[in-house]
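Below, read A as the first sequence line, B as the second, and so on, with proteins coming before strands; counting in each chain starts at 1.
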Amino acid sequence: MVEPKSNELMEKIVSLCKRRGFIYPSSEIYGGINGFWDYGPLGAELKRHVKDAWWKDMVRLRDDVAGLEATIIMSPKIWQASGHVDTFSDPMIDCKTCKGRFRADQTDEIPCPQRPSKMVSQCQGEKTEPRAFNLMFQTYVGPVQDDSAVAYLRPETAQAIFAQFKNVLETSRQKVPFGIAQIGKAFRNEVTPRNYTFRSREFEQMELEYFIRPDEVVEAICGRVAKPSGNGHPGEPQPNWGWELWHKYWVEERLRFYEAVGLPRHTLVEYWQTPAELAHYARATVDILYKFPFSKRDEKGELKGEELEGIAARSDFDLSQHERFSGKPMGVFDEELRAAWAKLDKARQDELWKRYYETRKGYLERSGVAPEQASKDAAEDADGLAKGQYIPHVIEPSAGVDRLILALIADAYSEVTETDAKGKSETRVILKFHPRVAPIKVAVLPLLKNKPELVAKAQEVFNTLRAEMNTFYDDGGSIGRRYARQDEAGTPFCVTVDFETLEGMKEGALAGQKDTVTLRYRDDGRQERLPIGGLLDWLQARIR
RNA sequence: GCGGGCGUAGUUCAAUGGUAGAACGGCAGCCUUCCAAGCUGCACACGAGGGUUCGAUUCCCUUCGCCCGCUCCA
């Protein structure tokens with residue numbers, strides 16, 4: 001089989017998405033707007049099903065996760081605490097001669113790429129004025145547009161979870177370890193949106209912040225922290241898990257999710273960030289990559305994959321930042337810790353105290369707190385252990401919805417070329433979505449349009465199914481044409497009402513029985529016969 | 001942001017300094033007893049703005065968008 005060039009494949013996917021109503025360019029009648037995309041009728045259903053699947057797995061089916069839906073615009077102080085304001089407000093200078101881009105405050109320190117003997121500020125290159133490069137979208141709250149009214153569209157959903165941590169903890173009656181989940185829009189003013197919807201300026205995230213006990217607390221309660229042994233899923237969570245096992249657990253849980261919505265394991269890559277790539281506060285980050293057609297290839301010619309999700313072990317950085325910036329305590333009280341601590345011998349208490357103290361002190365000093373103050377604050381934090389108090393650590397599985405949608409479409413895309421009796425060859429497209437996420441679950445079709453009894457019966461079947469799942473009715477054109485239309489929409493099942501539905505089966509196990517329909521499978525065209533009465537159960541078992 | 005390429009029906013493509021054709025798709029009707037059958041009819045496009053010209057979809061400029069390579073991606 002000749003593998004289609006990645007470009008050709010992406011072009012086919014893009015035009016199919018437009019043609020069938022999955023994805024359109026935003027504002028297309030005005031020429032479009034770079035980095036923004038709309039979902040059409042089928043795309044909206046697909047996206048909804050994907051988000052529902054995530055929410056069900058992450059929130060409804062778990063005792064230890066609570067949901068949240070926060071605003072897009074929040075206090076600008078949140079973005080100071082998170083570091084987004086500082087990181088993004090650097091003025092940059094472009095050099096028109098060497099095409100380089102440099103931070104305006106570092107032109108005396110960076111050598112010119114073309115003449116390394118000189119610094120950028122001294123080289124002859126023609127440079128632009130310093131320009132502000134902030135990847136956060138800015139707006140103003142209230143009608144007065146001055147600096148005091150500046151606010152930002154959130155560049156990630158995570159921070160709202162940290163900001164509301166205490167409220168959720170209080171009202172959900174959860175105890176650490178537990179998580180807070182959120183699905184919502186986020187905005188980044190990307191320099192170059194690329195690869196169709198993969199890097200958009202407005203996008204949607206599905207994020208979980210899962211709060212766990214620091215390892216010192218686990219040790220105090222359980223004696224020691226269990227270490228990961230071997231590969232694969234570590235199984236049901238245990239009280240003696242430290243951050244490493246929790247991190248591993250969530251990586252495996254998330255991989256299972258992707259497989260459950262139809263991405264085969266071999267299309268995914270589990271990439272462990274190297275120490276150099278890690279954010280300074282992160283202990284480990286695993287990216288789950290999907291091998292998109294536009295992915296770069298490695299030395300062996302294998303697709304390297306592009307990020308769908310990152311699962312980061314972020315220590316207690318985020319809650320600590322918000323504690324420092326807001327002045328509000330972000331710690332929790334843990335009855336088990338207080339009880340366990342009292343039973344530890346002095347040497348053990350001292351040892352755990354010391355380790356917790358060192359970690360806290362390290363964080364505070366890196367955050368710019370003066371050494372003396374840092375020591376004092378860290379000692380206070382460590383004293384809290386005896387009272388059962390600490391700031392939870394967090395494991396953050398953070399997924400991009402739109403990237404997953406694109407991966408699902410790319411993965412579902414398949415072509416079948418058939419040559420008919422006249423020698424005319426024709427290529428049909430089938431989107432092989434997992435039934436759980438397919439936009440339309442079932443299409444109901446009367447075999448013929450000009451037989452009122454068939455149409456009436458088909459309408460009847462349609463009306464019983466549509467209340468329970470996304471059902472589509474179609475009586476236009478030949479039956480084969482309608483099957484083909486559904487194949488292109490990715491509908492896993494078609495139900496056809498024919499004469500045997502009305503008159504009873506002529507032969508087979510259901511001989512003589514009325515009210516049966518043809519059920520046709522999308523992926524291989526296989527057909528079987530089902531009684532109408534059993535249809536709903538049959539379908540529901542397959543779309544869950 | 002830089003460099004290169006490209007913008008014609010929904011999609012894929014033609015042609016043209018004198019305002020555009022096709023295929024597929026769509027819609028309506030007829031027909032049709034299971035995988036894009038057939039017949040009839042209908043609708044739909046020169047990305048936007050400016051310039052040159054008697055006249056611009058065609059030439060020029062600007063802009064917007066898409067693709068590729070850099071750059072960026074907390």
Side-chain angles (χ1 to χ4, degrees), chain A residues 5-8 10-12 14-21 24-37 40 79 82-90 92-102 113 128 131 133-136 155-156 158-159 188-196 198-201 277 279-282 294 296 306-307 310 416 418 420-422 424 426-430 445-451 454 475-488 494-503 506 517-522 524-527 529:
Chain A
K5 287 206 181 92
S6 66
N7 258 345
E8 288 174 24
M10 276 313 292
E11 278 167 25
K12 283 179 179 176
V14 170
S15 79
L16 175 76
C17 283
K18 176 83 188 296
R19 185 158 47 87
R20 280 296 169 191
Y24 312 124
S26 169
S27 320
E28 195 184 13
I29 60 168
Y30 292 104
I33 175 166
N34 193 338
F36 297 88
W37 302 90
W79 308 113
S82 68
H84 287 85
V85 171
D86 288 343
T87 326
F88 286 161
S89 54
D90 300 327
M92 304 289 277
I93 285 177
D94 288 311
C95 176
K96 291 180 179 170
T97 308
C98 72
K99 312 301 183 201
R101 171 174 292 161
F102 314 97
T128 62
R131 288 179 286 196
F133 260 74
N134 195 318
L135 293 197
M136 282 197 292
E156 60 173 40
Q159 293 305 321
R188 294 182 196 182
N189 224 336
E190 297 287 353
V191 175
T192 313
R194 274 289 164 91
N195 291 325
Y196 201 27
F198 184 79
R199 177 168 296 132
S200 302
R201 289 185 162 131
E277 291 170 306
H280 67 83
Y281 47 78
F294 52 78
K296 301 269 192 307
E306 304 290 333
E307 185 183 346
V416 179
E418 280 161 351
D420 66 16
K422 296 171 199 152
K424 201 175 85 176
E426 200 169 53
T427 299
R428 291 189 301 121
V429 172
I430 306 178
L445 321 165
L447 183 60
L448 297 176
K449 188 185 184 179
N450 62 356
K451 297 285 183 291
L454 289 179
D475 60 14
S478 71
I479 190 72
R481 179 187 215 75
R482 282 175 276 156
Y483 285 150
R485 280 200 278 250
Q486 292 307 314
D487 287 347
E488 245 185 19
C494 286
V495 162
T496 303
V497 171
D498 56 26
F499 291 97
E500 287 185 283
T501 307
L502 305 174
E503 295 158 7
K506 294 198 178 77
V517 289
T518 300
L519 187 123
R520 182 244 187 204
Y521 292 86
R522 171 196 63 201
D524 52 13
R526 197 157 41 93
Q527 298 193 345
R529 203 77 196 176

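Per the geometry, CD1 belonging to A:I479 stands 9 Å off P belonging to B:rC34, to the nearest Å. The OH-C1' distance, from A:Y24 to B:rG47, rounds to 19 Å in whole Å. Here the P atom of nucleotide B:rC67 and the CE atom of A:M10 are 8 Å apart, to the nearest Å. Note: CD (A:E426) to C1' (B:rU11) measures 15 Å, nearest angstrom. Taking atom CD on A:E8 and atom P on B:rC66, their separation rounds to 21 Å, with Å as the unit.
Judged by distance alone with a 3.5 Å cut-off, no donor-acceptor contact links the side chain of A:E190 to the base of B:rC73. Donor-acceptor pairing under 3.5 Å, judged by distance alone, is present between the side chain of A:E488 and the base of B:rA36. At a cut-off of 3.5 angstrom, the base of B:rC34 holds at least one donor-acceptor pair with the side chain of A:D498. Donor-acceptor pairing under 3.5 Å, judged by distance alone, is absent between the side chain of A:R188 and the base of B:rC73. Applying the 3.5 Å distance criterion, the base of B:rC34 shares a donor-acceptor pair with the side chain of A:T518. Looking at A:R485, its side chain has no donor and acceptor atom pair within 3.5 Å of the base of B:rG25. Residue A:Y483 places a side-chain atom within donor-acceptor reach of the base of B:rC34, judged by atom type and a 3.5 Å distance cut-off alone.
Distance check: A:L445 CG to A:R520 CZ gives 9.0 Å after rounding to the nearest 0.5 Å.
Between A:R194 and B:rG65 there is no side-chain polar atom (N or O) within less than 4.0 angstrom of OP1 or OP2. OP1 and OP2 of B:rA36 both lie 4.0 Å or more from every side-chain N or O belonging to A:S478. For A:K449 and B:rC31, the shortest distance from a side-chain N or O to OP1 or OP2 is not below 4.0 Å. Phosphate contact (OP1/OP2 of B:rC72, side-chain N/O of A:R199, threshold under 4.0 Å): absent.
Across all strands shown, B:rC13 is found opposite B:rG21 as a Watson-Crick or G-U wobble partner, with both distances under 3.5 Å. For B:rC59, the paired nucleotide is B:rG51, the pair qualifying as Watson-Crick or G-U wobble because both relevant distances are below 3.5 Å. In this structure, B:rG26 forms a base pair with B:rC42, meeting either the Watson-Crick or the G-U wobble geometry with both donor-acceptor distances under 3.5 Å. In this structure, B:rA37 forms no base pair with any nucleotide, since neither Watson-Crick nor G-U wobble geometry is met with both distances under 3.5 Å. Nucleotide B:rC66 has B:rG5 as its partner under the Watson-Crick or G-U criteria, with both atom distances under 3.5 Å.
A:I430 and A:R522 make their closest contact through CG2-CG, 3.7 Å (heavy atoms, listed as atom of the first residue, atom of the second, distance). A:P446 approaches A:I479 most closely through the heavy-atom pair O-CD1, 4.4 Å. Across A:R201 and A:N34, no two heavy atoms sit closer than the pair NH1-O, 3.0 Å.
Of the candidate nucleotides B:rC68, B:rG1, B:rA36, B:rG1 has the atom nearest to the side chain of A:T192. The side chain of A:L448 sits closest to B:rU33 out of B:rC68, B:rU33, B:rC66. Picking from B:rU33, B:rC31, B:rC35 the nucleotide with the shortest atom distance to the side chain of A:Q527 gives B:rC35. Distances from the side chain of A:R529 to the nucleotides B:rC68, B:rC34, B:rA36 place B:rC34 closest. Ranking B:rG10, B:rG26, B:rA74 by closeness to the A:R19 side chain, first place goes to B:rG10.
The distance between the ring centers of A:Y196 and A:F294 does not fall below 6.0 angstrom.
Backbone-only contact: A:N34 has heavy atoms under 4.0 Å from sugar-phosphate atoms and none from a base. Nucleic acid contact class of A:F198 (heavy atoms, under 4.0 Å, all strands): none. At a threshold of 4.0 angstrom between heavy atoms, the contacts of A:K18 are confined to the sugar-phosphate backbone, with no base atom among them. Among the atoms of the strands shown, none is found under 4.0 Å from any heavy atom of A:D487. A:S15 comes within 4.0 angstrom of sugar-phosphate atoms only, judged by non-hydrogen atoms across all strands, and of no base.
Using atom C1' as the reference point in both B:rC46 and B:rC42, the two lie 22 Å apart (nearest Å).
Proximity of A:M136 to A:V85: side-chain heavy atoms (C-beta onward) are separated by under 4.5 Å at one or more points.
Of the charged side-chain nitrogens involved, at least one lies within less than 4.0 Å of a carboxylate oxygen, so that A:K18 and A:E28 count as a salt-bridged pair.
Residue-to-nucleotide proximity on RNA chain B shows that, of A:D475 and A:G35, the 5′-proximal contact is made by A:D475.
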